A.B. asks: 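This is the structure I want to talk about, given as structure tokens.
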Amino acid sequence: MVKYNFKKIERKWQNFWEKEGFYQPKDFDKKPKKYILIEFPYPSGDGLHVGHVRSYSALDALARKKRMEGYNVLYPIGWDAFGLPTENYAIKKGIHPSIITKQNIAVFKRQLKSLGLSFDWTREINTTDPDYYKWTQWIFLQFFKRGLAYQAEMPINWCPKCKIGLANEEVVSGKCERCGAETERRTIKQWMLKITKYADRLIEDLDKVDYSEKIKTQQINWIGRSEGTEVDFKIADSGSSAKITVFTTRIDTLFGVTALVISPEHQLTETLTTKENRKKVKEYIEASKKKSDLEREENKEKTGVFTGSYCINPANEEKVPIWVGDYVVATYGGGAVMMVPSHDYRDYDFAKKYNLPIKKVVIPSALLHMTTNADTVASGGKAELRLEAECFVDDGELINSGNFNGLSSEKAREEITRFLEKKEAGKKSVKYKLRDWIFSRQHYWGEPIPIIHCEKCGIVPVPEYDLPVELPYVKKYKPTNTGESPLASIKKWVNVKCPKCKGKAKRETDTMPNWAGSSWYFLRYIDPKNGKKFADFKKLKYWLPIDLYNGGMEHTTLHLLYSRFWHKFLYDLKLVPTLEAYSARRSHGMVLAEDAKKMSKSLGNVINPDEIVKKFGADTLRMYEMFMGPFDQAINWSNQGVVGVFRFLNRVWQLQKKVKKDANQCRECETILHKSVKKLSEDIDNMKFNTAVSQLMILINEMDKEININLDNYKIFLKLLAPLAPHISEELWAQIGEKKSIHLEGWPKYDPAKIKENTFDLVIQINGKMRLVVSAPTGIKEEEAKELALSQERIKRFLSGKTPMKIIYISGKLINIVI
RNA sequence: GGUCCAGUGGCGGAAUUGGCAUACGCGCACGACUUAAAAUCGUGUCCCGUAAGGGAUGUGGGUUCAACUCCCACCUGGACCACCA
């Protein structure tokens with residue numbers, strides 16, 4: 001008997017599968033299609049992470065099972081290769097990013113191939129390939145043509161030491177990722193994509209897809225839709241019609257306003273500030289500009305300064321002082337809030353600090369209906385406590401609010417909004433936390449934004465026939481000191497003729513963010529070599545939507561939202577056939593180190609998949625990662641656990657000795673086999689890989705008890721194993737003389753009749769406590785079961801002559817005798 | 001601070017229309033094989049108790065014939081968001 005030589009076996013079958021082109025699906029095949037997608041990797045210098053292996057092995061098992069079930073399966077792979085880590089690494093090592101990228105991809109490719117994943121390598125894509133980013137740029141131009149891409153002055157993170165603009169990803173808790181200096185805010189002209197236009201649809205269409213509730217809530221929270229009222233406060237004594245518009249979800253507290261607070265960035269700060277206050281206000285604004293995000297976040301104390309001006313509360317014509325405070329977010333709701341200290345904690349803090357009046361206008365509803373002492377007790381005395389509190393933030397009933405007294409908060413919001421609308425001093429409004437997407441990066445390693453700035457014509461898009469705008473190969477790709485993209489210094493590339501007037505013009509030098517290429521890559525897989533379109537519509541129609549998309553939890557907000565946005569945009573242009581790209585999304589948990597920390601080079605706790613493959617083989621690595629725990633939960637790596645799976649595969653290898661063509665079929669074996677078919681079928685579909693593996697272990701424990709194993713049973717076992725351990729099952733399949741690959745075989749079906757056993761274990765409980773398990777025939781009647789239970793010696797002893805009060809019988813399961 | 005999720009042996013975990021708690025694996029102990037070790041195989045392994053029996057799924061309460069599972073309160077841990085008016 002030859003030893004389990006995984007090295008030899010795995011290499012042999014990987015070559016065979018590749019040569020035969022096993023995993024290349026045909027477009028328009030008559031078989032039903034399945035498009036299974038994993039987030040394509042970022043080929044970093046660290047090489048493949050065992051976390052990649054977890055996700056890819058899981059979806060590979062699913063893909064393989066679906067093929068066996070007769071589906072035409074697309075399971076593609078590619079590289080998301082533009083971006084900062086590569087650029088930084090290139091700067092550090094002095095090697096050009098394009099070379100680094102090539103090297104990294106080569107490493108990743110070798111590592112992935114050593115795992116025997118059933119990717120269709122003929123559809124491999126690379127976001128840094130001009131043939132690919134041509135279409136990324138083309139899609140950007142479509143955004144531009146429809147007014148969804150525009151330029152705006154936007155604050156960015158600025159590192160004062162490195163003198164460069166940083167992307168959010170480069171700012172680690174308020175500090176520059178490279179030098180550790182605290183970052184500041186600076187305003188720069190940036191390209192923006194109008195994702196906010198799609199905000200409502202991005203929420204609503206979540207109803208049409210199968211994402212886990214967690215993911216849906218995250219998306220909804222991120223978009224942060226809130227319904228409220230916009231209300232105008234006229235500036236007092238200005239003689240003009242100047243006003244400040246504020247947004248509030250609590251218009252029911254309008255009568256409680258004791259100040260208006262505007263953000264330091266607000267346009268009117270200058271004009272509102274009176275002479276006496278000018279110096280103080282200016283100082284305050286300067287100070288808050290210098291504050292980094294970190295400081296703004298850490299320092300939760302509300303500060304502000306009085307401008308000297310007043311405005312008029314449209315509800316009661318009261319004069320209200322206007323303050324400037326940096327706790328007001330400039331980019332949300334117009335950058336101004338009405339301050340109601342009695343009903344908002346932040347406003348309360350602010351009012352306390354500056355001794356502003358606190359006016360109560362909402363009280364807990366329970367209080368109004370309280371007539372007797374008994375009621376006070378019934379409401380837990382809580383209402384009383386809340387009345388005493390100076391700040392009550394819940395809904396209640398209105399007081400001190402003129403005509404609106406006695407209304408519930410909910411009703412009052414409607415009534416007051418209507419009142420303001422009549423007065424033309426306000427209206428219903430919806431606001432979002434979601435901002436438009438800052439689409440510019442002042443970095444080298446990204447897709448150039450295909451725009452030309454002409455002295456005469458202004459912003460001119462690069463004509464489509466000139467695409468792609470290739471990223472020039474240059475020696476200097478370091479970010480510049482001016483905050484401009486390094487591309488700006490390449491005069492030859494920058495200076496061009498205007499496509500419209502042929503006059504003097506310059507190229508846009510900003511590049512796209514890392515998210516650009518990944519916002520549509522799943523479409524390119526469908527038609528990766530098309531030179532005329534980003535993908536053929538008929539092919540898109542055949543393959544879309546993606547049936548299952550898996551990736552990390554860290555991408556469930558940004559990447560998922562961005563790509564859904566692009567897809568909807570393309571749908572509106574009738575360029576893709578589906579409203580949503582992904583009909584189902586699942587996320588896998590992180591693989592942590594044995595010490596429960598994140599794997600990192602500096603901690604020296606990284607597990608290199610290569611080493612596991614070398615020592616135990618790809619099948620062991622893959623199956624261990626499936627077995628380690630629930631797929632969607634974070635889990636610690638365990639070297640001991642790997643050994644357990646390796647032992648299992650060795651037992652599988654040994655099993656062939658016992659296989660006899662005409663071995664007897666035993667009833668127990670048949671039952672457990674069919675049960676296992678059922679379990680594996682369901683578990684793999686439901687992504688419960690850990691229990692799927694455990695069932696295979698249970699099955700082998702059972703089969704191994706026999707002296708001889710029936711060949712047909714053995715074949716079924718190998719088929720069940722095939723998606724999870726594709727190499728060993730293929731090898732053993734060939735060794736029993738099968739000519740066709742096991743991966744082209746049909747997925748086994750189970751016979752419900754064979755799962756049913758002749759007898760079952762009847763559990764007998766007394767007062768809910770398990771006392772005895774007896775074997776009973778499957779079809780036993782209730783009366784018979786009761787008799788059987790009561791006739792047991794042990795049960796009689798427990799009853800000791802007492803008559804049961806009640807006997808509960810659950811068919812096929814248990815009897816509970818209540819005494 | 002908000003939202004969501006979780007808490008079961010020495011460890012990873014299993015068990016959901018409420019019905020045998022601890023499947024499967026790891027670890028550990030003992031045994032077989034071996035000159036020996038590794039590997040492999042076998043047996044045992046929640047706690048207390050010689051046993052009969054009793055106790056145990058973060059804590060306390062509730063519903064039920066029956067609760068890891070449902071309800072209420074609390075404790076602990078994690079993830080994401082975080083001054084969004």
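Nothing here was measured: the structure is a model prediction, and the numbers come from that model. Proteins come first, then strands; the chains are lettered A, B, ... in the order of their sequence lines, and each starts at number 1.
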A.B. asks: Give A/T331 one of three labels, base, sugar-phosphate or nothing, depending on what nucleic acid heavy atoms sit under 4.0 Å from its own.
C.D. replies: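 Since no nucleic acid heavy atom lies under 4.0 Å of A/T331, the category is nothing.
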A.B. asks: Students often get this wrong, so: under 4.0 angstrom with heavy atoms, is A/V763 touching a base, only sugar-phosphate, or nothing?
C.D. replies: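 Since a base atom lies under 4.0 Å of A/V763, the category is base.
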A.B. asks: Examine A/K302 relative to A/F350 and say whether NZ or CZ is less than 6.0 Å from the centre of the six-membered ring and inside a 45° cone about the ring axis.
C.D. replies: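 Geometry flag: not set, cation outside 6.0 Å or 45°.
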A.B. asks: Suppose we define a pair by two distances each less than 3.5 Å, Watson-Crick or G-U wobble; what does B/C28 pair with here?
C.D. replies: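 Pair assignment: B/C28 / B/G44.
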A.B. asks: Answer with base, sugar-phosphate or nothing: what part of the nucleic acid does A/K431 contact at a heavy-atom distance below 4.0 Å?
C.D. replies: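 It contacts nothing in the nucleic acid.
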A.B. asks: Go ahead and name the base partner of B/G7; Watson-Crick or wobble counts if both distances stay under 3.5 Å, otherwise write none.
C.D. replies: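 Base partner found: B/C75.
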A.B. asks: Please list, chain by chain and in numerical order, all residues satisfying salt bridge (charged side-chain N to carboxylate O under 4.0 Å, His left out) with A/D761, sequence neighbours excluded.
C.D. replies: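 Salt bridge (charged side-chain N to carboxylate O under 4.0 Å, His left out) list for A/D761, sorted by chain: empty.
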A.B. asks: Which base, if any, makes a Watson-Crick or G-U wobble pair with B/G1, both distances under 3.5 Å?
C.D. replies: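 Per the H-bond distance test, B/C81.
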A.B. asks: Does the side chain of A/N639 come under 3.5 Å of the side chain of A/Y624 through a donor N or O and an acceptor N or O?
C.D. replies: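 No, no side-chain donor-acceptor contact under 3.5 Å.
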A.B. asks: Under the side chain to side chain donor-acceptor pair (under 3.5 Å) test against A/D210, which residue among A/K216, A/R586, A/R585 passes?
C.D. replies: A/R586
A.B. asks: At less than 3.5 Å, do the side-chain atoms of A/K433 and the base atoms of B/C81 form a donor-acceptor pair?
C.D. replies: no
A.B. asks: Identify whether any heavy atom of A/N701 sits under 4.0 Å from a base atom; if not, whether one sits that close to sugar-phosphate; answer base, sugar-phosphate or nothing.
C.D. replies: sugar-phosphate
A.B. asks: Of the nucleotides B/A21, B/U40, B/C24, which has the atom closest to the A/M770 side chain?
C.D. replies: B/A21
A.B. asks: Contact class for A/S638 vs. all strands (heavy atom < 4.0 Å): base, sugar-phosphate, or nothing?
C.D. replies: nothing
A.B. asks: Using a heavy-atom cut-off of under 4.0 Å over every strand shown, decide if A/R651 touches base, sugar-phosphate, or nothing.
C.D. replies: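 Sugar-phosphate, backbone atoms only, no base.
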A.B. asks: Counting any heavy atom closer than 4.0 Å, what does A/Q695 reach on the DNA or RNA strands: base, sugar-phosphate only, or nothing?
C.D. replies: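 No contact.
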A.B. asks: Just call it for A/I817: base, sugar-phosphate, or nothing, with non-hydrogen atoms closer than 4.0 Å on any strand.
C.D. replies: nothing
